[in-house]
J.: 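Here it is, the structure in full.
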Amino acid sequence: LDSVDLEIAAGECVAIFGPSGSGKTLLLRALAWLDPLDEGDVFLRHVSPRKIGVANYRCDVIYLHQRCWLPEGTVQDALDQPWKLIYNSFNVPRIAQWLKTLGRDESFLQQATSDLSGGERQLVAILRAMQLSPDILLLDEPTSALDNQAKAACERLIDAWRNEDELRAIVLVTHDREQAERLAERILTMNQGRL
């Protein structure tokens, strides 16, 4: 990254567009505080993750990699896993409503994660992240493995989720310029590590 200066407002969706290898994923990883920075810093509401604490920061800022990992078991197990860390369970009616938006029914919850296509894995990862209600979702090519119909449904779901809370923001990395135009208020181009 080269002299990147980026501010995301509450409620905003910002798309990062650019060629492969331009630094888009590296930027998301830096924003998620997954890679150490040689210089500069990241702030959430004007406070460094060092002061917030990395665990607390990552509750508010969730990064979804393009190729997500899911645990063995069913889709329901994958959705329930984050809640086991806080001795709770996911909201089945809410997930069922989201699945309906995605054109699926509750039987999807019983599918084995090992049998899911790349696109279905992306959908489960998005549902897992959204159910935790972070303030910021960092999405790296979240619909790259979906067909056009599934992509459109997923975009509607992501946009509706963001609009449920005026504080929620999204940073979306995509190679799909039309997707960026549909979802984002701002489209930034990255090339050779520069925005």
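The structure presented is a predicted model; accordingly, all values stated were derived computationally and were not measured.
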J.: So how far is it from R104 CZ to E120 CD, rounded to the nearest 0.5 Å?
T.: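 Result: 4.5 Å between the selected atoms.
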J.: Verify the cluster assignment for I158 and L132: are they in a single hydrophobic cluster under the rule of side-chain heavy atoms below 4.5 Å apart?
T.: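 Same hydrophobic cluster.
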J.: Checking side-chain contact (heavy atoms from CB on, under 4.5 Å) against P142, which of L64, L183, L172 comes through?
T.: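 Of all the options given, the one that passes is L172.
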J.: Determine the minimum heavy-atom distance between W161 and R94, stating which atoms define it.
T.: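 Where W161 meets R94 most closely, the heavy atoms are CD1-NH2, 4.0 Å.
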J.: Flag yes if L26 and V61 sit in one hydrophobic cluster, no otherwise; membership is Ile, Leu, Val, Met, Phe, Trp, Tyr, and two members link when side-chain heavy atoms are under 4.5 Å apart.
T.: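 Same hydrophobic cluster.
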J.: Would you please say whether a donor-acceptor pair under 3.5 Å links the side chains of S144 and Q122?
T.: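 There is such a pair (donor and acceptor under 3.5 Å, judged by atom type) between the side chains of S144 and Q122.
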J.: Of the non-hydrogen atoms in A184 and I187, which two are nearest, and what is the gap between them?
T.: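 It is CB-CG1, 4.4 Å.
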J.: May I ask whether L139 and M130 are part of the same hydrophobic cluster, defined by side-chain heavy atoms of I, L, V, M, F, W, Y residues being less than 4.5 angstrom apart, directly or through others?
T.: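 As far as the 4.5 Å side-chain criterion goes, M130 and L139 are connected within one cluster.
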J.: I need the N163 CG to R168 CZ distance, nearest 0.5 Å.
T.: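 Answer rounded to 0.5 Å: 10.0 Å.
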J.: Answer yes or no: is there a side-chain heavy-atom contact under 4.5 Å between L123 and W98?
T.: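 Not in contact.
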J.: Stepwise, does the side chain to side chain contact (heavy atoms under 4.5 Å, CB included) test hold for D2 with Q192?
T.: CA-CA 8 Å; D2 186 4; Q192 297 181 351; over 6 Å; no
J.: Report the residues that fulfil side chain to side chain donor-acceptor pair (under 3.5 Å) with E12, sequence neighbours left out, ordered by chain and then residue number.
T.: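 Checked E12 against side chain to side chain donor-acceptor pair (under 3.5 Å); matches are R186.
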J.: Please assess R162 against D159 for the test salt bridge (Lys or Arg N to Asp or Glu O under 4.0 Å), listing each intermediate value before the final yes or no.
T.: CA-CA 5 Å; R162 178 177 59 109; D159 199 45; 2.9 Å; yes
J.: Does a side-chain heavy-atom distance below 4.5 Å link V124 with F108?
T.: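 Yes. Closest side-chain heavy atoms under 4.5 Å.
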J.: Side chains of C154 and L146, heavy atoms from C-beta outward: is any pair under 4.5 Å?
T.: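 Yes; the side chains approach each other to less than 4.5 Å.
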J.: I need the minimum non-hydrogen distance between L99 and E106, along with the two atoms involved.
T.: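 That would be CD1-CA, 4.4 Å.
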J.: So which atom in S22 and which in N191 form the shortest heavy-atom distance, rounded to 0.1 Å?
T.: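 The pair with the smallest heavy-atom distance is CB-CA, 3.8 Å.
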J.: Hydrophobic cluster membership, with links at side-chain heavy-atom distances under 4.5 Å among I/L/V/M/F/W/Y: are V14 and I170 in one?
T.: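 Hydrophobic grouping puts V14 apart from I170.
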J.: Kindly give the heavy-atom pair with the smallest separation between A30 and V42, and that separation in Å.
T.: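 Here A30 and V42 meet closest at O-CG2, 3.5 Å.
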J.: Please check if atom CD in Q110 has more than 12 non-hydrogen atoms from other residues, nucleotides or ligands closer than 6.0 Å.
T.: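 Enclosed: over 12 neighbouring heavy atoms sit under 6.0 Å from CD of Q110.
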J.: When you measure from the side chain of T189 to the backbone of G18, do you find a donor-acceptor pair of N or O atoms at a distance under 3.5 Å?
T.: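 No, because the side chain of T189 does not come within donor-acceptor range (under 3.5 Å) of the backbone of G18.
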J.: Taking side chain as C-beta onward, heavy atoms only, is I136 less than 4.5 Å from I8?
T.: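 No. Closest side-chain heavy atoms not under 4.5 Å.
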J.: Cluster question for you: counting only ILVMFWY and a side-chain heavy-atom cut-off of under 4.5 Å, with indirect links fine, are V173 and L138 together?
T.: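 Yes.
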J.: Do K24 side-chain atoms and M190 backbone N/O form a donor-acceptor pair below 3.5 Å?
T.: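 Here the side-chain-to-backbone pair does not exist.
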J.: So, are E181 and R177 salt-bridged, with charged N and O less than 4.0 Å apart?
T.: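 Looking at R177 together with E181, the answer is yes, because their closest N to O distance falls below 4.0 Å.
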J.: Does the side chain of D176 pick up a donor-acceptor pair with the side chain of T174 at under 3.5 Å?
T.: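 No, no side-chain donor-acceptor contact under 3.5 Å.
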J.: Taking all non-hydrogen atoms of both residues into account, name the closest pair between S48 and F43 and its distance.
T.: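 For S48 versus F43, the nearest heavy atoms are N-CD2, 3.6 Å.
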J.: Hey, does the side chain of E166 reach the backbone of A10 with a donor-acceptor pair shorter than 3.5 angstrom?
T.: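 The answer is no, because no donor-acceptor pair under 3.5 Å joins these two groups.
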J.: Run through V171, L6, L27 and flag the one making a side-chain contact (heavy atoms from CB on, under 4.5 Å) with L188.
T.: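 Of the listed residues V171, L6, L27, the side-chain contact (heavy atoms from CB on, under 4.5 Å) partner of L188 is L6.
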J.: Does some side-chain heavy atom of I52 sit less than 4.5 Å from a side-chain heavy atom of L44?
T.: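 In contact.
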J.: Measuring from atom CG of L157 to atom CG of L127, what distance do you get when rounded to the nearest 0.5 angstrom?
T.: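 The CG atom of L157 sits 6.5 Å away from the CG atom of L127.
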J.: Kindly compute the distance separating CG (D35) from CG (L28), expressed to the nearest 0.5 Å.
T.: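 It is 11.0 Å, given to the nearest 0.5 Å.
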J.: Measure from NZ or CZ of R58 to the centre of the six-membered ring of W33 and say whether it is under 6.0 Å with the direction within 45° of the ring axis.
T.: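 Relative to the ring axis of W33, which defines the angle, R58 lies outside at least one limit.
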J.: Report, as yes or no, whether the 6.0 Å neighbourhood of atom CD on E164 holds more than 12 heavy atoms from other residues, nucleotides or ligands.
T.: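 Yes - once you tally the heavy atoms of other residues, nucleotides and ligands closer than 6.0 Å, there are more than 12.
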